[in-house]
Amino acid sequence: LTNTSITDAQEMETIWTILPAIILILIALPSLRILYLTDEVNDPSFTIKSIGHQWYWTYEYTDYGGLIFNSYMLPPLFLNPGDLRLLEVDNRVVLPIEAPVRMMITSQDVLHSWTIPTLGLKTDAVPGRLNQTVFTATRPGVYYGQCSEICGANHSFMPIVAELIP
């Protein structure tokens with residue numbers, strides 16, 4: 001014998017399915033708003049546009065009259081004692097410490113990735129799209145990175161060097 005009032009509790013199943021879903025939505029909405037607001041910086045101290053090319057980077061200091069320069073990897077014959085092979089460039093990006101810096105990153109040709117692991121930065125450079133990342137460095141020094149996207153045969157020869165100064 002089976003009692004139909006015990007096995008047929010559709011109202012109760014509906015309640016304990018919908019009620020947790022409503023609770024999750026109520027928790028998620030404020031969290032998504034906070035997540036969005038933490039990603040947006042309204043007034044950065046510095047804005048730099050980085051454009052990936054095969055096999056170099058172009059930097060534009062947009063706040064200072066459009067100062068533009070290219071950054072190529074130094075060949076081994078031009079390295080000074082103490083320079084890092086395959087990581088040193090002819091023109092470093094110079095950035096301030098303890099100030100919010102906005103990096104706007106794009107690509108001219110194929111997918112690249114602007115990556116400096118010691119600063120915790122990795123943003124893809126996509127042709128036709130302008131991605132941004134914001135960071136505030138706290139320690140001066142020279143920070144090295146590379147293109148970490150498989151953008152072709154020489155993608156590992158696209159070093160990035162950021163010099164952070166007070």
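- Under a 4.5 Å side-chain heavy-atom cut-off, the cluster of Ile, Leu, Val, Met, Phe, Trp and Tyr residues that includes Val89 is completed by Leu84, Leu87, Val142, Tyr144, Val161.
- At a threshold of 4.5 Å between non-hydrogen side-chain atoms, the residues Ile105 and Leu130 do not count as touching.
- For Arg92, the salt bridge (charged side-chain N to carboxylate O under 4.0 Å, His left out) partners are Glu88, Glu163, not counting sequence neighbours.
- Side-chain atoms of Asn91 never come within 3.5 Å of backbone atoms of Phe69 as a donor-acceptor pair (strictly under, hydrogens ignored).
- Of all heavy-atom pairs between Ile68 and Glu60, the closest is CG1-CG, 3.5 Å.
- Note on Leu121 and Tyr61: same hydrophobic cluster, where clusters join Ile, Leu, Val, Met, Phe, Trp and Tyr whose side-chain heavy atoms are under 4.5 Å apart, directly or indirectly.
- The minimum heavy-atom distance linking His53 with Gln108 is given by the pair ND1-CB, 3.3 Å.
- Residues Leu32 and Ile25 do not share a hydrophobic cluster, defined by chaining ILVMFWY side chains whose heavy atoms lie under 4.5 Å apart.
- Here the rule is side-chain contact (heavy atoms from CB on, under 4.5 Å) with Tyr56, and of Ile51, Asp90, Asn70 only Asn70 fits it.
- Taking both residues in full, the closest heavy atoms of Leu79 and Arg85 are given as CD1-CA, 3.8 Å, listed atom of the first, atom of the second, then distance.
- Ile15 and Ile23 end up in different hydrophobic clusters when Ile, Leu, Val, Met, Phe, Trp and Tyr side chains are linked at under 4.5 Å.
- Contact between Pro159 and Trp57 at its shortest, heavy atoms only, is O-CD1, 3.5 Å.
- At a threshold of 4.5 Å between non-hydrogen side-chain atoms, the residues Val93 and Tyr143 do not count as touching.
- The CH2 atom of Trp114 sits 13.0 Å away from atom CG of Asn131, with the distance rounded to the nearest 0.5 Å.
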Please report the C-alpha distance between Arg139 and Leu164 in whole Å, then the side-chain angles of each, then the deciding distance to 0.1 Å, and finally whether the side chain to side chain contact (heavy atoms under 4.5 Å, CB included) criterion is met. CA-CA 7 Å; Arg139 294 183 183 173; Leu164 299 170; over 6 Å; no
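- Thr136 and Pro100 make their closest contact through OG1-CA, 3.5 Å (heavy atoms, listed as atom of the first residue, atom of the second, distance).
- Residues Val94 and Ile165 form a side-chain contact, since some pair of their non-hydrogen atoms from C-beta on lies under 4.5 Å apart.
- Rounding to the nearest 0.5 angstrom, the gap separating the CG atom in Leu119 from the CD1 atom in Ile160 is 10.5 Å.
- Of all the heavy atoms in Trp55 and Cys151, the pair that sits closest is CH2-O, 3.7 Å.
- Two residues are said to be in side-chain contact when any heavy atoms from C-beta on lie closer than 4.5 Å; Ile97 and Pro166 meet this criterion.
- The distance from the CD atom of Gln132 to the CE atom of Met103 is 11.0 Å, given to the nearest 0.5 Å.
- Side chains of Ser148 and Ser113: a donor-acceptor N/O pair is present below 3.5 angstrom, by distance only.
- Separation of atoms OG1 (Thr123) and CD (Glu149) is listed at 12.0 Å; rounding is to 0.5 Å.
- In this structure the side chain of Thr106 never reaches within 4.5 angstrom of the side chain of Ser50, judged on heavy atoms.
- Residue Thr17 holds its OG1 atom at 11.0 Å from CD1 of Ile22, rounded to the nearest 0.5 Å.
- The line from CE of Met104 to OG1 of Thr62 is 7.0 Å long, rounded to the nearest 0.5 Å.
- Contact annotation: the side chain of Leu95 approaches that of Phe135 to within less than 4.5 Å [non-hydrogen atoms, C-beta and beyond].
- When the side chains of ILVMFWY residues are joined at heavy-atom separations under 4.5 Å, either directly or via intervening members, Ile116 and Val134 end up in two distinct hydrophobic clusters.
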